[in-house]
Novice: 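Please find one structure pasted underneath; my questions will follow.
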Amino acid sequence: MRAVVLALTVALVVPEFALDKTYVYKYEALLLGGLPHEGLARAGIKVNSKVLLSAVTENTFLMKLMDPLLHEYAGIWPKDPFVPATKLTSALAAQLQIPIKFEYANGVVGKVFAPAGVSPTVMNLQRGILNILQLNLKKTQNIYELQEAGVQGVCRTHYVINEDPKANHIIVTKSKDLSHCQEKIIKDIGLAYTERCAECTERDKSLIETATYNYIMKPAAAGVLIAEATVEEVHQFSPLNEIHGAAMMEAKQTLAFVEIEKTPVVPIKADYLARGSLQYEFATEILQTPIQLMKISDAPAQIIEILKHLVANNVAMVHDDAPLKFVQLIQLLRFATLENIEAIWAQFKDKPVYRRWLLDALPAVGTPVIVKLLKEKFLAGELTIPEFIQALVVALQMVTADLETIQLTASLALHEKIATIPALREVVMLGYGSMIAKHCVAVPTCPAELLGPIHEIAAEAISKNDIPEITLALKVLGNAGHPASLKPIMKLLPGLRTAATSLPLRIQVDAILALRNIAKKEPKLVQPVDLQLVLDRALHPEVRMVACIVLFETKPSVALISSLAGALKLETNMHVASFAYSHIKSLTRITAPDMAAVAGAANVAIKLMSPKLDRLSLRFCRALQLDFYHTPLMVGAAGSAYMINDAATILPRAVVAKARAYLAGAAADVLEIGVRTEGLQEALLQSPAADESVDRITKIKRTLRALANWKALPTNQPLASAYIKLFGQEVAFVNVDKTVIEEAIPIVTGPKPRELLKAALKALQEGIALQYAKPLLMAEVRRILPTAIGVPMELSLYTAAVAVASVNVQATITPPLPEEIETMTLEQLKKTDVQLQAEARPSVALQTFAVMGVNTALIQAAVMAKGKIRTIAPGKVAARADILKGNYKVEALPVEVPEHIADVSFETLAVVRNIEDPTAERIVPLVPELSLQNSQTSYSSEMPPEAPVRAAAPFHKTLCLAVPYIEIKGCIEVHSHNAAFIRNDPLFYIIGQHSARSVVLPLAEGPAVERLELEVQVGPRAAERLLKQISLIDEETPEGKAFLLKLREILETEDKNVRVSSESSSSSRIISSSSSSSMSSSRMTEVRTWDTATVMEPFRKFHKDRYMAPHGASKAVSSGSTASSFEKIQKQAKFLGNAVPPVFAVIARAVRVDHKLLGYQLAAYFDKPNARVQLVVSSIAENDNLKICADGAVLSKHKVTARVAWGPECQQYAVIAKAEAGVLGEFPAARLEVEWERLPIIVTTYAKKLSKHIPMAAFKAGFKLERVSNADKEIELTAALPSQRSLNVIARIPEMTLSRMDIPLPIAVPINPDGTLSIQIDEDILSWIQKHIKEE
């Protein structure tokens, strides 16, 4: 027998089934999802059955299932049992027991046949069994690899064949790498605009898929018999790095031989139709959301029921489950036919609330039926243009991009009614390009003929020199991103075709930008074109810089970037050189994995370029890229900003900003906004402002004059344009030209705005009551892939939100406004008293679901993470404006507050449910609160294997904060329970149950608050409105001296207590200080300090005539004179309220039922002769003398001084600030001094802690640090201008002086060396502008 086995090993005979026999096998399939740790919940299904195999002909076989039984599982693994799904088994029994026919030759399964009565779901279960029989056995090799067809597609498969002479059988092992498939069966929804970040998953993968098949084969009379086959398949997914834990879908199959029977399998009396091959075929799971299982018996009736529920329960505030109901509505609409939806629309189109809900839900359905419906209703006049545009933009992005939908969109774009509305046509055309892009993602071999209509439009537009049409065609081609468009686009690129040089600059720029999506697919095709454009000095600088942007998005190699850097060494245009240098330099700091090679190349290239380019100011063009990527969590974000300037004008030519995100091995350009002022720039360049020989101020004058004369600008080109991109697709753009301005001016200044104002005021006086609801499906991202047992598993993320606002507004205007508002004079307006009362209850509910598990129309078994957010923020205010009296008041009135104003929850669950028994749904928390864990699943090294580990107790805490005066308290209740007791990793902290609730409650004790008031009184009546007389204590009076003596005693006691506590804490730090001395000494070597101060020239003040003071003037003299003059002014009147009335008063208070005064008041006083301002804030509560006093004066054109004091009678703490202009050496300078008499302990404590970090921060910022004995209670900051583009800074703080010289400035500061300004700012700026516009 050993010889027989050896012979079989060398020339293995494939499994065969005799014609006159029926082979009986026992079959069991199991699919479980969850975390691979015992004691946590899992969800799954199990199938048990007998399998009968019988040959009809040599290559045709029948397979029949006998006694099938389905089980469900949602429980704690492994202690909870599977539960038989009896009702579901009964419903499917007839289908499951229908024999199917299949072709089988040489171990390979061919075509599959079944009657029409076998549903796709049952057919896929049968394929899961046939998949076990798939064996590509070679007769001459024992170990080999090939691409093998299976349920999941054609994937890499590795075979190993071994013999077991003792057991007299052969062992065949095959393993499948499901991540490397030549043809993979997979369905992605919502991922068309994302890019796979291969570098992000090079080391750590978010999704790992593998399967192992083991066969025991025994010799038989007819050949080889499969005695037993076992399959183990694993799908492991984590949004984070998998080393931190991952969720897992585990599939197991067992097929064990039982016996051979003589009774053959008989097919049923029905036509056996071809049902494809072994490969899985998608059924209704594409339309089925995994977060709920709905039995759809009458779709129209169910749609109407949910629609009525949403309308009725989202009026005053949002319903808790409104987002889930909205998702249900979308799911039902996906199952409905066009006739069903048309009937529902006809029923509700005249009901505004229902109409809005339908128009929000229909675009999210994402089926071709909806696009067809929207088209028909718009052409029939049942949709307004804004409604149609809003719905169409969403629908075109959500719809499945198949050939039918693409043709439908094309017919929409070419329709004559839509062609007459430019904005609408642009939306449809851009959507057509996006549709092709999505289709090409799903079908990589998408034909170039799909772009034929756009290529024809572009060719015709070029022949007619139709610039707007060329622009639109380029944007559509840019959205499509098909490599076949490269040739038509290149005809419009400058330098490559002579015809393109005659086209406007904006067309050349749009043509280059249209290459971006092509570059993502075929970078090697785009790179030579872009490089040629960047290096062509004959082209416009903006064209070259835009080409530079596209070039770096192609992720060029080291050689290409080095070639560019070498060429730019000889660049004569400083804008191009600055832009390229800043772009390359910013790339050196990129940390995202997909840009790592580019960052390395940029580090090499930057060394080849001149470092002088780094010192160019911001008036030159710049590129900036910043990013953050966290490898352990596989998440990141990146931002890019590009600014293209022009030396001739003050406006930038273009500004572009882009945001990019990374998550779980995928990347996407989330948002991009661009603004260009090309037409305006060209108009300005033709004006005298473009003269390079004049200074910048003259350029500004001429530019303002050119803008004022906008009517003289050309009509045939846009003055400015803007666009917005979402996920790399341009969704909207706008051109502003002279015609738009001419059309807009009559709209703004004509009679219509006045009519709208009249209607609004009338409605306000009559009262406005609004209820508005806005639902939104924010995310629907799905990946559906088959498992070995023929059941689909799904990874999905859903986020839906509903916002509801209820607003009531009532206005009273006394006296009533005249009928003709435009005749109203300023004097009449001043005599008007306006009262307004408004109440609003905005509320938002958001629900998000992340699901991993089985999703079919019959059964769902999954692990799910569910998050909910609900916020309600009610408010009621009353406002009054008495213009004549100068009185303005706002009141916050009591309003009914819900139990929780904010409620956030997150939980992870295991869920199983089937369509036949909805009431038997089982939901189990993924982390049970009282679970016992086996230590082998956690820290086996710390405990013996038999020692159980009890789950940590849930965390529960309530934090409350009382708000003074208002008599309310806010509380946050936090509850958390996770699985961190298993592993100390991020994923295990996330799973579990977490919630936080916020509540606002009245305090139990104390009188209730009626309202909150904020009142402003301007003018002579300000003193009358003050609720408490303001006075400041006079230090010279006996009462003042007694008060100060008592306050000094309190402060001395406080200081003594502080010194005692600081001495005890310092003694405790002696040990730690000595132990860290070596660390401190090593750190000090990094920060260079100087123990001797550098001799610095003194700061000298300006004279009143703005010229420099004599060199003998010293800081001490100027400072002393400043202080003495301010003190002299204060001695004239310490409190201005004794001499002048307040200019205005502000009172903020809480009005209580007991009429006790609580709150604060502010009074402002102005002493015009001394240019002095005084602000006093005081408490209006009885026996509360807390005050804040701010006193400031303008001592001259160069000096300003202010003193801020606070505490009882403004005597406890004080800070003095002085700002002065002067010279430092020979350079104009400014100095700011801050001195303090006394500060709160908390301020000084944190200041001392902060001062320890100053040396290192100064070193990193390039400052020189000197250890000197400066004043203990003074900070001085001096800034000088050696030139209009550089700055010297000197900062003196206690114990050290910081300085840095020649800091480059991005813009020129218009200050002359004598301290005068280059522009006159002492006259009214508007008159200055008008004066210079009229000049020349």
Side-chain angles (χ1 to χ4, degrees), residues 193-195 393 397 430 434 471 474-475 478-479 481 505-506 509-510 512-517 519-520 530 541-555 575-576 578-592 594-595 598-599 602 616-629 635-646 649-663 667-681 718-736 1306-1307:
Y193 299 139
T194 61
E195 307 164 27
V393 167
Q397 300 302 321
L430 293 173
S434 300
T471 300
L474 283 172
K475 290 179 180 293
N479 274 3
L505 178 64
R506 67 179 184 274
V509 170
D510 286 339
I512 297 170
L513 292 176
L515 298 173
R516 296 170 80 180
N517 282 335
K520 292 178 181 178
D530 277 330
E542 184 180 359
V543 170
R544 299 175 63 193
M545 286 182 272
V546 172
C548 184
I549 294 173
V550 179
L551 178 64
F552 284 113
E553 287 185 356
T554 66
K555 302 175 185 177
H575 281 284
V576 175
S578 173
F579 187 86
Y581 181 87
S582 60
H583 202 161
I584 294 173
K585 185 170 182 180
S586 65
L587 286 172
T588 62
R589 299 185 289 266
I590 295 295
T591 60
D594 62 330
M595 296 295 287
V598 180
L616 293 176
S617 66
L618 289 180
R619 68 189 180 96
F620 291 102
C621 304
R622 288 294 177 99
L624 177 65
Q625 287 196 331
L626 299 172
D627 81 330
F628 164 79
Y629 189 84
V635 296
S640 306
Y642 309 104
M643 185 171 67
I644 299 176
N645 293 334
D646 195 305
T649 61
I650 60 171
L651 297 175
R653 291 193 67 91
V655 177
V656 179
K658 184 174 75 170
R660 185 173 173 85
Y662 297 87
L663 177 65
D669 295 328
V670 180
L671 176 67
E672 181 178 326
I673 298 174
V675 178
R676 301 185 67 235
T677 59
E678 67 277 24
L680 195 58
Q681 289 285 347
L719 302 177
S721 63
Y723 70 86
I724 182 169
K725 285 188 174 186
L726 295 173
F727 295 98
Q729 297 292 304
E730 192 160 335
V731 293
F733 70 94
V734 62
N735 291 321
V736 179
I1307 58 174

Novice: Among Val656, Val546, Val576, which residue satisfies the side chain to side chain contact (heavy atoms under 4.5 Å, CB included) criterion with Ile644?
Specialist: Val546
Novice: Rounded at 0.5 Å granularity, tell me how far CD1 in Ile512 sits from CG in Leu551.
Specialist: 11.0 Å
Novice: Using a strict cut-off of less than 4.0 Å between a Lys/Arg side-chain nitrogen and an Asp/Glu carboxylate oxygen, indicate whether Asp669 and Arg516 qualify as a salt bridge.
Specialist: no
Novice: Hey, mind stepping through Phe579 and Arg544 against side-chain contact (heavy atoms from CB on, under 4.5 Å) and telling me if it holds?
Specialist: CA-CA 10 Å; Phe579 187 86; Arg544 299 175 63 193; over 6 Å; no
Novice: How far apart are the C-alpha atoms of Leu726 and Leu671, what are their side-chain angles, what is the distance that settles it, and do they pass the side-chain contact (heavy atoms from CB on, under 4.5 Å) test?
Specialist: CA-CA 5 Å; Leu726 295 173; Leu671 176 67; 3.6 Å; yes
Novice: Please enumerate all residues that pass salt bridge (Lys or Arg N to Asp or Glu O under 4.0 Å) together with Glu730, with sequence neighbours excluded.
Specialist: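 If we apply the salt bridge (Lys or Arg N to Asp or Glu O under 4.0 Å) test to Glu730, skipping adjacent residues, the hits are Lys475.
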Novice: Under the 3.5 angstrom rule, does the side chain of Ser582 hit a backbone N or O of Ala623 as a donor-acceptor pair?
Specialist: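 Side chain of Ser582 to backbone of Ala623: a pair is present.
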Novice: Between Asp510 and Thr471, is there a donor-acceptor pair closer than 3.5 Å when you use the side chain of the first and the backbone of the second?
Specialist: no
Novice: With rounding to the nearest 0.5 angstrom, report the CE to CZ distance, Met595 to Phe552.
Specialist: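 Here the interatomic distance stands at 9.0 Å.
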Novice: With a 3.5 Å distance limit and no angle check, can you tell me whether Gln625 reaches the backbone of Leu587 through a side-chain donor-acceptor pair?
Specialist: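 It does not hold such a pair.
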Novice: Going through the distances and angles, do Gln397 and Ser434 end up as a side-chain contact (heavy atoms from CB on, under 4.5 Å)?
Specialist: CA-CA 7 Å; Gln397 300 302 321; Ser434 300; 3.7 Å; yes
Novice: Just jot down the side chain to side chain contact (heavy atoms under 4.5 Å, CB included) partners of Ala722, sequence neighbours excluded, or say none.
Specialist: Val675, Val734
Novice: Between Ser578 and Cys621, which heavy-atom pair has the shortest distance, and what is it?
Specialist: OG-O, 2.8 Å
Novice: Within the structure provided, determine whether Gln729 and Leu430 are in side-chain contact (heavy-atom separation under 4.5 Å).
Specialist: no
Novice: Which one of Lys520, Arg660, Lys658 satisfies the salt bridge (Lys or Arg N to Asp or Glu O under 4.0 Å) criterion with Glu553?
Specialist: Lys658
Novice: With distance as the sole criterion, is a donor-acceptor pair present between the side chains of Tyr662 and Asp627 under 3.5 Å?
Specialist: no
Novice: Return yes if some donor-acceptor pair links the side-chain N/O of Asn517 with the main-chain N/O of Gly478 below 3.5 Å, else return no.
Specialist: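 Yes, the answer is positive, given that a donor and an acceptor are paired below the 3.5 Å cut-off.
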Novice: For Ala599 versus Ile590, what's the shortest heavy-atom pair and its separation?
Specialist: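 Of all heavy-atom pairs spanning Ala599 and Ile590, the closest is CB-O, 3.8 Å.
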Novice: Do any N or O atoms from the side chain of Thr588 and from the backbone of Ala602 form a donor-acceptor pair under 3.5 angstrom?
Specialist: no
Novice: Hey, are the side chains of Asn479 and Val731 touching, using non-hydrogen atoms and a 4.5 Å cut-off?
Specialist: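 Contact flag for Asn479/Val731 side chains = no.
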Novice: For Phe727 versus Ala668, what's the shortest heavy-atom pair and its separation?
Specialist: CD2-CB, 3.9 Å
Novice: Where do Thr591 and Tyr629 come nearest, in terms of heavy atoms and distance?
Specialist: OG1-N, 3.7 Å
Novice: With a 4.5 Å heavy-atom cut-off, do Arg676 and Tyr723 have their side chains touching?
Specialist: no
Novice: With side-chain contact (heavy atoms from CB on, under 4.5 Å) as the test, would you mind laying out the steps for Leu515 and Thr554 before giving the verdict?
Specialist: CA-CA 10 Å; Leu515 298 173; Thr554 66; over 6 Å; no
Novice: For residues Cys548 and His583, determine if any side-chain heavy atom of one lies less than 4.5 Å from a side-chain heavy atom of the other.
Specialist: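 The answer is yes; the side chains approach within 4.5 Å.
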